[in-house]
Amino acid sequence: MAMLPGWNSLEAVGSIGHSLHMAAIVVLAMLVVAEGLALVYDDRKYALVGAAERETIVSRDQEGLAVAERHHNEIAALQRDLEEAQRQQASLRLTTIGQQALLDAVSPFPGQQIEIVSMLGDPEGQQFANDFASVAQQAGWNATSINEAALATNPSGIEVLYREPPVGEVPPPALAALVDVLVDLRILPARSVTICEEVASEVIRLVVGTRSATAELHSSLSPKEPPEARNGAMVPDTAAEQ
């Protein structure tokens, strides 16, 4: 012990003892502060872990909701397609309201010649053709006998055909009136007419089928702008004629 500094000096021993007491107090205080900070940081760590877990759960829930919404939208789209297909199938039958609307649209053009052709072996198409022929006759149109044939194009619902008119001439307004009302009734999918050189001049041919025809074979009948010519066909707008 005599080797310790100031061991034999009263003044030195008192000073060194006091310093050591102060150092012990400081160290003890630092231990208390360190332990307190350790507890605070432990709490913060657990809080951050909990927040990260909550974010993961929220992100997972959002992904699940997004997948569910996507599936819902896909199912809704399929449902709409199914309903549209059902409407197209139902459109092959003329309701009483549809017959009256068709009669009102074509009655202003008596004497118009029309041929009605349905697919061979298609009872629904034949019924639609009979209903349409009845309306056409009531409107004063010259409807030829209904023919059943093995059609090459097999259009969906119906298809309107007309022979390309000579240069400088336009098709009769009855053609545009017929197309307009068929589109309004959702029987014809688009305001268009198929060019067909096999049809007699100034005769409208109505073909009832089951499968979509090629869109490129149609001439546009846009009601908002002058009719365009595709494959040389021009069809007037009923609004302009009236």
Side-chain angles (χ1 to χ4, degrees), residues 84 87-88 91-92 94 98-99 101-119 122 125 128-129 131-133 135-137 139-149 151-242:
E84 181 63 25
R87 282 196 297 268
Q88 291 179 356
S91 67
L92 289 176
L94 277 177
Q99 291 181 19
L102 184 60
L103 180 61
D104 293 341
V106 301
S107 291
F109 312 100
Q112 173 64 49
Q113 288 186 303
I114 184 170
E115 296 177 352
I116 304 173
V117 181
S118 64
M119 284 191 63
D122 183 5
F128 175 86
D131 292 343
F132 191 92
V135 174
Q137 291 170 356
W141 284 32
N142 183 11
T144 60
S145 59
I146 300 172
N147 301 316
E148 289 186 88
L151 304 177
T153 57
N154 294 338
S156 174
I158 68 168
E159 186 176 0
V160 180
L161 288 77
Y162 194 79
R163 184 185 184 90
E164 182 178 0
V167 178
E169 297 184 13
V170 295
L175 177 61
L178 173 62
V179 171
D180 285 340
V181 69
L182 292 179
V183 171
D184 291 341
L185 294 175
R186 294 188 177 183
I187 297 174
L188 194 65
R191 192 172 185 269
S192 59
V193 172
T194 299
I195 300 168
C196 181
E197 296 301 323
E198 297 178 358
V199 180
S201 179
E202 298 185 356
V203 175
I204 299 173
R205 179 179 293 177
L206 184 71
V207 179
V208 182
T210 59
R211 184 165 53 83
S212 297
T214 305
E216 287 77 7
L217 297 178
H218 293 73
S219 61
S220 173
L221 291 175
S222 175
K224 296 183 179 179
E225 50 188 49
E228 298 177 359
R230 294 187 185 177
N231 296 338
M234 289 285 289
V235 183
D237 196 343
T238 54
E241 291 293 331
Q242 295 173 356

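Scope of the values below: all heavy atoms of this structure, side chains included, with no hydrogens, waters or symmetry mates.
With hydrogens and angles ignored, the 3.5 Å screen pairs a side-chain donor or acceptor of R163 with a backbone N or O of E197.
Proximity of V207 to T194: side-chain heavy atoms (C-beta onward) are nowhere separated by under 4.5 Å. Here the side chains of P173 and F109 are in contact, with some heavy-atom distance below 4.5 Å. Looking only at side-chain heavy atoms (C-beta outward), F132 and V106 stay at 4.5 Å or farther from each other. For the pair V181/L188, no side-chain contact is recorded, criterion being any heavy-atom separation below 4.5 Å from C-beta on. Within the 4.5 Å cutoff, the side chain of V160 has heavy atoms near those of the L206 side chain.
Of all the heavy atoms in L185 and A101, the pair that sits closest is CD2-CB, 4.2 Å. L161 and C196 get closest at one heavy-atom pair: CD2-CB, 3.5 Å. Heavy atoms only, all atoms of each residue included: Y162 and L175 are closest at CG-CD2, 3.8 Å. The two residues S192 and V179 come nearest to each other via the heavy atoms N-CG1, 3.8 Å. Nearest heavy atoms, P171 versus P165: CD-CG, 4.0 Å.
Atom CD of E198 has 12 or fewer heavy atoms from other residues, nucleotides or ligands within 6.0 Å. Applying the 6.0 Å contact sphere to CD of E202 captures no more than 12 heavy atoms from other residues, nucleotides or ligands.
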side-chain contact (heavy atoms from CB on, under 4.5 Å) between V199 and I204, worked out: CA-CA 8 Å; V199 180; I204 299 173; over 6 Å; no
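The distance from atom CG of N142 to atom CD of E115, rounded to the nearest 0.5 Å, is 10.0 Å.
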